Protein chains: 2
Amino acid sequence: MSATSKPRYQQLKDRIIGQISDGELRPGDRVSSENQLAHSSKVSRMTANRALRELTDEGYVERIAGRGTFVLDRRASSHVRDVQNIADEIARRGHQHSCRVLRATRRRARGELASALDTPPGASIYHLQLVHFENSVPIQVEDRDVVASFAPACLEQDFSRITPSAYLTSICPLQEAEQVVRAELPRPEVRDWLQMKSQEPVLVVLRRTWARGRPVSFARLQHPGSRYELSGHYRPNESEFAQATDVVQLEALSK
Amino acid sequence: MSATSKPRYQQLKDRIIGQISDGELRPGDRVSSENQLAHSSKVSRMTANRALRELTDEGYVERIAGRGTFVLDRRASSHVRDVQNIADEIARRGHQHSCRVLRATRRRARGELASALDTPPGASIYHLQLVHFENSVPIQVEDRDVVASFAPACLEQDFSRITPSAYLTSICPLQEAEQVVRAELPRPEVRDWLQMKSQEPVLVVLRRTWARGRPVSFARLQHPGSRYELSGHYRPNESEFAQATDVVQLEALSK
DNA sequence: GGGTCTAACCTGTATATACAAGCCAACGAA
DNA sequence: TTCGTTGGCTTGTATATACAGGTTAGACCC
């Protein structure tokens, strides 16, 4: 409730983050100076300074004394929901997300899948297969099984508009996640979907998510090793989960 | 005094972090109030406020309006240490750890390494290269740079008995870790050391660790993709980070 | 033209001041 | 005793002001 409204520096931060997400401010763009923000937002320069300084700490912008404040291409902060939803990650980098649905079918749980999702053999499972694009470059093949009883309307969703993980969290907040990261060589069709050179490895994330105390989804996420990495920052108290980042810039820099 | 001394809020942060590291301030203890710090450190309250606020963001302390500032319990440091030390991981699996030292030399920081370790160019850096074995099977190539001023006796250690990360934590508990996970193809010599088939990818972990508020070590850890994976488990409250596991058992199960 | 200098920006830090709101112990009235 | 008030501490935010030091464009001089 906004009985007491948010602090002004936070409002300013939110506005700038919104502009970055909307594409109004693109990576490399210059953000208004402290004095301009102070004037246009009717706050003091110190308040604008705090907003921009915190955005710097959170990895949204870079500040260069004497020149100005510039939108960064990647974001260092992280939360589980960021990891969950690749569309959010991409938006936060100021890039364009798109998606192609390869498959959306129903099948019956059996064997390892049934035990992984803790369902009786023969239970209904929705199987989704999608390719996610960042600025039209393929960045992830998502292979996901969803417990049908948890998300009955799953197959009716338009997953080119809302990602599976966003849809799942819209049903019920995820309570737990379990994941394994591996390096593998991709199967040929995956390599083609991701437009990878031969012999280039994929970074695979196997992730099982829980809601209402039961496993609801098992995902196998494959990323091209040369264009994607997982980063994380850990502090003893508040340890944070890995976050995905593309590494295109790093490759460009290393040349 | 250095040419341009550190900002006062940073000096204050450093002093408090030091007191926490030394045990002078223990978890749960109350830190002096902003007004007390301002008076005792001869700074304004706003400067003390900034120092304490940043320490909050960095997870060192917790602040409660009306009550005060309290040192947080960094109990999860054991988690970071677990991830740090491959010998512990292997022991936990009931396996035998051994290690071969390939290189232990001194070199000078420059370029990216100097900035990653936040040292002036030309500062002394120890460079270690080791292969770790689990039950005589090579499982990790460790390539580590250590800030010499943090661990002066580094090169005298017998790293076949104590791993570099165990040695570093024995000097001072690690407070922070930052890591990136990638899938790559190994260089030929790494492939040989790890006894990998050709075309098999490596799972690479780049990890920078912090102690006493400064980066002290940068490690590049390479693991055979077919024998190693990173697993993690996340719960909303008590989030825990990745743990390494070998995947021999998993492979056996999948047959 | 080519080099230099300066003025006008920018960020970064530091301070004094102000007010709001949370917390708690001490005090006093019922 | 018990309840409520109050005063003094705390953090949290917001502002105006000041100065230091980086950057750049354009004026200026040779």
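Labels below follow one simple rule: chain letters A, B, ... track the order of the sequence lines, proteins then strands, and each chain is numbered from 1. Remember, predicted model here, so these are calculated numbers, not experimental data.
Residue B:Arg8 places its side chain closer to C:dA14 than to any other of C:dA14, C:dT11, C:dG22. Closest to the A:Val43 side chain, of the nucleotides D:dT11, D:dT15, C:dT15, is D:dT15. Comparing D:dT17, D:dA14, D:dG22 by their nearest atom to the side chain of A:Tyr9 picks out D:dA14. Checked against D:dT15, C:dT11, D:dG12, the side chain of A:Ser33 finds its nearest nucleotide in C:dT11. Here the side chain of A:Asn49 is nearest to one of C:dC10, D:dT11, C:dT13, namely C:dT13. When the nucleotides C:dG12, C:dA14, C:dT15 are ranked by their closest atom to the side chain of B:Pro7, C:dA14 comes out on top. Residue B:Ala65 has its side chain nearest to D:dT11 when only C:dC23, D:dT11, C:dC10 are considered.
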**OP:** Kindly determine whether A:Arg63 and A:Thr69 satisfy side-chain hydrogen bond (donor to acceptor under 3.5 Å, both in side chains), including the steps that lead there.
**Re:** CA-CA 4 Å; A:Arg63 316 198 71 197; A:Thr69 302; 3.1 Å; yes
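Taking atom CD on B:Glu34 and atom P on C:dA20, their separation rounds to 18 Å, with Å as the unit. Rounded to a whole Å, the CZ atom of A:Phe70 is 10 Å from the C1' atom of D:dT23. For the pair A:Arg67 CZ and D:dT23 C1', the computed distance is 8 Å after rounding to whole Å. Rounding to whole angstrom units, CG of residue B:Asn35 and C1' of D:dT11 are separated by 10 Å. At whole-Å resolution of the value, CG in A:Leu37 and P in C:dC9 are 16 Å apart. When the P atom of C:dC10 is taken as reference, atom CZ of A:Arg53 falls 18 Å away, rounded to whole Å. Distance CG (B:Leu12) to C1' (C:dT13): 14 Å, rounded to an integer number of Å. Atom-to-atom, CE of A:Met46 to C1' of C:dG12 comes out at 9 Å; the value is rounded to the nearest Å.
A cation-pi arrangement, defined by a distance under 6.0 Å to the six-membered ring centre and an angle within 45 degrees of its axis, is absent between B:Arg208 and B:Phe218.
Contact of A:Arg30 with D:dT23 (side chain to base): no donor-acceptor pair of N or O atoms is detected under 3.5 Å. Taking only distance into account, the side chain of A:Arg45 meets the base of C:dG12 through a donor-acceptor pair shorter than 3.5 Å.
Salt bridge present: B:Arg107 and B:Asp145 bring a charged side-chain N and a carboxylate O closer than 4.0 Å.
In this structure, B:Leu52 reaches neither bases nor backbone, as no heavy-atom distance under 4.0 Å exists between it and the strands shown.
Distances shorter than 4.0 Å separate none of the side-chain N or O atoms of A:Thr69 from OP1 or OP2 on C:dC10. The shortest distance between the side-chain N/O atoms of B:Ser44 and the OP1/OP2 oxygens of C:dA16 is not below 4.0 Å.
A residue-by-residue look at A:Arg50 and A:Ile64 shows that A:Arg50 has its nearest nucleotide of DNA chain D further toward the 5' end.
Taking the side chain as every heavy atom from C-beta outward, A:Phe150 and A:Pro215 never approach each other to under 4.5 Å.
Annotation: side chain to side chain contact (heavy atoms under 4.5 Å, CB included) contacts of B:Leu155 (sequence neighbours excluded): B:Ala104, B:Arg106, B:Tyr126, B:Leu128.
Counting only N and O atoms by type, the side chains of A:Asn135 and A:His97 include no donor and acceptor under 3.5 Å apart.
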